[in-house]
Amino acid sequence: MMKTTVLKLDSTTAFERSVDTAAGALASGAVIGLVTDTVYGLVANSDDDEAMRRLVALKRRPSEKPFALLIARTDEMSRFGARLTEKAD
């Protein structure tokens, strides 16, 4: 059974604690839900095969259908076989 935890973002301290909690959950293989200004999303660590299998199952998504990959810095792109075009760089 999955455990649901709602993280409060009502202060700077609470925000930082929530980010640490979410990062720890992802590092341990959890699938987490995020709310942004535009979407609700399910998130998993792309380096964790089991977490990605759970994400596919939760979304009831064909395993061959790709996910969006969010990275913090453009220099991380090469790790996933991608690069910016000269114009975009």
Side-chain angles (χ1 to χ4, degrees):
M1 176 182 274
M2 289 186 273
K3 178 184 175 200
T4 301
T5 303
V6 177
L7 304 174
K8 303 277 184 187
L9 305 176
D10 54 1
S11 70
T12 301
T13 303
F15 177 80
E16 290 170 356
R17 191 172 29 246
S18 293
V19 168
D20 288 344
T21 300
L26 288 171
S28 70
V31 175
I32 65 172
L34 292 178
V35 180
T36 73
D37 57 336
T38 55
V39 298
Y40 292 87
L42 292 176
V43 181
N45 180 348
S46 64
D47 291 327
D48 185 326
D49 292 339
E50 185 56 36
M52 292 304 295
R53 279 191 283 281
R54 281 195 300 278
L55 180 61
V56 167
L58 283 168
K59 291 186 67 85
R60 298 185 182 125
R61 183 184 188 107
S63 59
E64 64 277 354
K65 186 174 180 183
F67 286 100
L69 178 64
L70 305 179
I71 57 173
R73 298 178 318 274
T74 56
D75 63 340
E76 295 176 340
M77 292 175 64
S78 62
R79 182 170 157 232
F80 300 98
R83 65 178 177 79
L84 290 175
T85 63
E86 201 172 291
K87 191 173 188 176
D89 197 18

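Only this structure's heavy atoms are used, side chains among them; waters, hydrogens and symmetry mates stay out. Please read these numbers as outputs of a predicted model, since none were measured by experiment.
- With rounding to the nearest 0.5 Å, the separation of CE in Met52 from CZ in Phe67 is 5.0 Å.
- Not counting sequence neighbours, the partners of Asp75 by the side-chain hydrogen bond (donor to acceptor under 3.5 Å, both in side chains) test are Arg73.
- Surrounding CZ of Arg83 are at most 12 heavy atoms belonging to other residues, nucleotides or ligands under 6.0 Å away.
- Scanning all heavy atoms of the two residues, the minimum distance from Ala25 to Ile32 falls at CB-CG2, 4.0 Å.
- The heavy-atom pair separating Leu26 from Ala44 by the smallest distance is CD2-CA, 3.8 Å.
- Here the closest heavy-atom approach between residue Ala51 and residue Val31 is recorded as O-CG2, 3.7 Å.
- With sequence neighbours excluded, the residues that form a side-chain hydrogen bond (donor to acceptor under 3.5 Å, both in side chains) with Asp47 are Arg79.
- Among all heavy-atom pairs drawn from Ser46 and Leu69, the shortest one is OG-CD1, 3.9 Å.
- Criterion: ILVMFWY side-chain heavy atoms under 4.5 Å apart, direct or through other members. Under it, Leu58 and Val56 are part of a common hydrophobic cluster.
- Using modelled atom types, one side-chain atom of Arg61 and one backbone atom of Pro66 make a donor-acceptor pair closer than 3.5 Å.
- In terms of hydrophobic clustering, with Ile, Leu, Val, Met, Phe, Trp and Tyr side chains grouped at heavy-atom distances under 4.5 Å, Val39 and Val35 are assigned to different clusters.
- Within 6.0 Å of the OH atom in Tyr40, the count of heavy atoms belonging to other residues, nucleotides or ligands does not exceed 12.
- Atom-to-atom distance recorded for Asn45:CG and Leu55:CG is 11.0 Å, nearest 0.5 angstrom.
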Show me, pair by pair, the donor-acceptor contacts under 3.5 angstrom made by side chains of residues 10-18, not counting sequence neighbours?
{"residue": "Ser11", "atom": "OG", "partner": "Ala14", "partner atom": "N", "Å": "3.0"}
{"residue": "Ser18", "atom": "OG", "partner": "Lys8", "partner atom": "O", "Å": "2.9"}
{"residue": "Ser18", "atom": "OG", "partner": "Ala14", "partner atom": "O", "Å": "2.9"}

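- Linking Ile, Leu, Val, Met, Phe, Trp and Tyr whenever their side-chain heavy atoms come within less than 4.5 Å puts Leu84 and Ile71 in one cluster.
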